[in-house]
Amino acid sequence: MEFKTIKEDGMVQEEIKKSRFICHVKRVYSEEEARAFIAAIKKEHYKATHNCSAFIIGEKSDIKRTSDDGEPSGTAGVPMLGVLEKHELTNLCVVVTRYFGGIKLGAGGLIRAYAGSVALAIKEIGLVEIKEQAGLHLRLSYSQYQDFTNFLKAENLAEYDTEFTDTVSTLLFVDKGERELLKDKLTEFFKGKLEMMDQGLRQVEVPLMF
């Protein structure tokens, strides 16, 4: 099971021609969860002019829904969904709350504002790819661990479940076909003086760069 989604739930806002646009983003795994989130935002922002929404659910993005919530048809929900589709995201819901500032934006302006609000939120909050990877358990001395941070940076890797006792214990995860290559690189980096052991598979969140 591999898919791309938002790094974490969050909210980003901006002002466009005196209207305030607030984009709320949440990971969801069912249509009921998405609709409950939309309802909660509408309740929180009941004084807002509009609470437009879009969500995609399923590993194959098989459930897609949009709402313009009173904006002219096709100017809010569909453009918002389009941003999610462009980034190939799933299992998330976005709600853009608009507080009208007195200046009409026109159809083109609305499309740009709603799509732009979602795009800004995605960029600021960040994306991850959730995938199943193979683990490698390492036991390091403290002096080795100081060098290890340079190795992680060079290989663009993240460490997990790190524990500090008389030694440092940590886990690395890579795509299944890359584990042996990683072991070779670590052996070379530490000149063979490293304790490591294969771990099982685990679902991990890999940050995506824009």
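Below, all heavy atoms of this structure are taken into account, side chains as well, without hydrogens, waters or symmetry copies.
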Apart from Y99 itself, residues in the same hydrophobic cluster as defined by side-chain heavy atoms under 4.5 Å: M11, I22

Under a 3.5 Å distance rule, please check whether R27 uses its side chain to pair with a backbone N or O of I6 as donor and acceptor. yes

State whether the side chain of D68 and the backbone N or O of G77 hold a donor-acceptor pair below 3.5 Å, judged by distance alone. yes

Before giving the answer on side chain to side chain donor-acceptor pair (under 3.5 Å), spell out for R20 and Q13 the whole-Å C-alpha distance, their side-chain angles and the decisive distance to 0.1 Å. CA-CA 7 Å; R20 189 155 61 103; Q13 59 180 313; 3.0 Å; yes

E129/K4 ion pair, N-O < 4.0 Å: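 No, E129 and K4 are not salt-bridged.
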
Should the heavy atoms of other residues, nucleotides or ligands under 6.0 Å from [atom1] of [X] be counted, would the total exceed 12?
| X | atom1 | answer |
| --- | --- | --- |
| R65 | CZ | yes |
| E163 | CD | no |
| Y46 | OH | no |

Which pair of heavy atoms, one from C52 and one from M80, lies closest together, and at what distance? O-CE, 3.4 Å

Here the pair of heavy atoms bringing L172 nearest to L152 is CD2-CD2, 3.5 Å

Check the hydrophobic clustering (I, L, V, M, F, W, Y; side-chain heavy atoms under 4.5 Å; chains of links allowed) and say if L120 and V95 are grouped together.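 No, L120 and V95 fall in different hydrophobic clusters.
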
Verdict with reasoning, E71 to R98, per salt bridge (charged side-chain N to carboxylate O under 4.0 Å, His left out): CA-CA 10 Å; E71 290 283 27; R98 182 190 183 191; 2.9 Å; yes

F148 and E159, any side-chain heavy atoms less than 4.5 Å apart: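 They are in contact (side-chain heavy atoms under 4.5 Å apart), so the answer is yes.
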
Between side-chain atoms of residues 185-195 and protein atoms elsewhere (two or more places apart, or another chain), which donor-acceptor pairs fall under 3.5 Å?
from	atom 1	to	atom 2	distance (Å)
K185	NZ	E155	OE1	2.9
T187	OG1	K183	O	2.8

